[in-house]
Amino acid sequence: MNVLLSDRWLLAVDKPSGLLSQPGVGFAQADAVIARLQQADRRLRLVHRLDRDTSGVLLLARGLDALRRCSALFARRQVSK
């Protein structure tokens with residue numbers, strides 16, 4: 001998984017097709033982007049999700065404050081996908 005951006009607030013990665021954004025139910029669905037990345041930084045939170053079969057940029061917030069700010073931007077539709 002390639003890191004596209006990393007700063008004190010955000011992490012953007014290139015999520016490959018076939019990998020979950022977040023874990024599902026059961027051992028077979030435990031491998032996910034957030035699970036892998038939280039091994040290095042427990043503060044990371046998903047700002048949004050992509051389907052398992054969808055590849056693309058996945059945005060993660062570093063901590064709850066960054067997550068709240070990003071969520072507000074998405075809610076106000078101030079983010080272009």
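In this text, all values refer to a predicted model and were calculated from it rather than measured experimentally.
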Acceptor/donor pairs from residues 27-43 side chains to any protein atom, 3.5 angstrom cut, sequence neighbours excluded:
residue, atom, partner, partner atom, Å
Asp31, OD1, Arg36, NE, 2.8
Asp31, OD1, Arg36, NH2, 3.4
Asp31, OD2, Arg36, NH2, 2.7
Gln38, NE2, Leu44, O, 2.7
Asp41, OD1, Arg43, N, 3.0
Asp41, OD1, Arg43, NE, 3.1
Asp41, OD2, Arg43, NH2, 3.0
Asp41, OD2, Arg62, NH1, 2.7

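Annotation: side chain of Val57 is in contact with side chain of Leu4 (closest heavy-atom distance under 4.5 Å). Residues Val47 and Leu67 meet the side-chain proximity criterion, which asks for heavy atoms closer than 4.5 Å. Taking 4.5 Å as the limit, every side-chain heavy atom of Ser17 sits out of range of all side-chain heavy atoms of Thr54. Put simply, the side chain of Ser21 reaches to within 4.5 Å of the side chain of Lys15, judged on heavy atoms.
Closest of all the heavy-atom pairs between Leu20 and Gly24 is CD1-N, 4.0 Å.
Taking Arg45 as the reference, nothing meets the salt bridge (charged side-chain N to carboxylate O under 4.0 Å, His left out) condition, with sequence neighbours excluded.
His48 places a side-chain N or O within 3.5 Å of a backbone atom of Leu59 that can act as its donor or acceptor partner.
In this structure, Arg77 places its CZ atom where only 12 or fewer heavy-atom neighbours from other residues, nucleotides or ligands lie under 6.0 Å away.
Cluster annotation: Leu46 and Leu5 are assigned to distinct hydrophobic clusters (Ile/Leu/Val/Met/Phe/Trp/Tyr, side-chain heavy-atom contacts under 4.5 Å, transitive). If you chain together hydrophobic residues whose side chains sit under 4.5 Å apart, Leu19 and Val25 never meet in one group. No continuous path of hydrophobic side-chain contacts links Leu73 to Leu60 [ILVMFWY only; heavy atoms under 4.5 Å].
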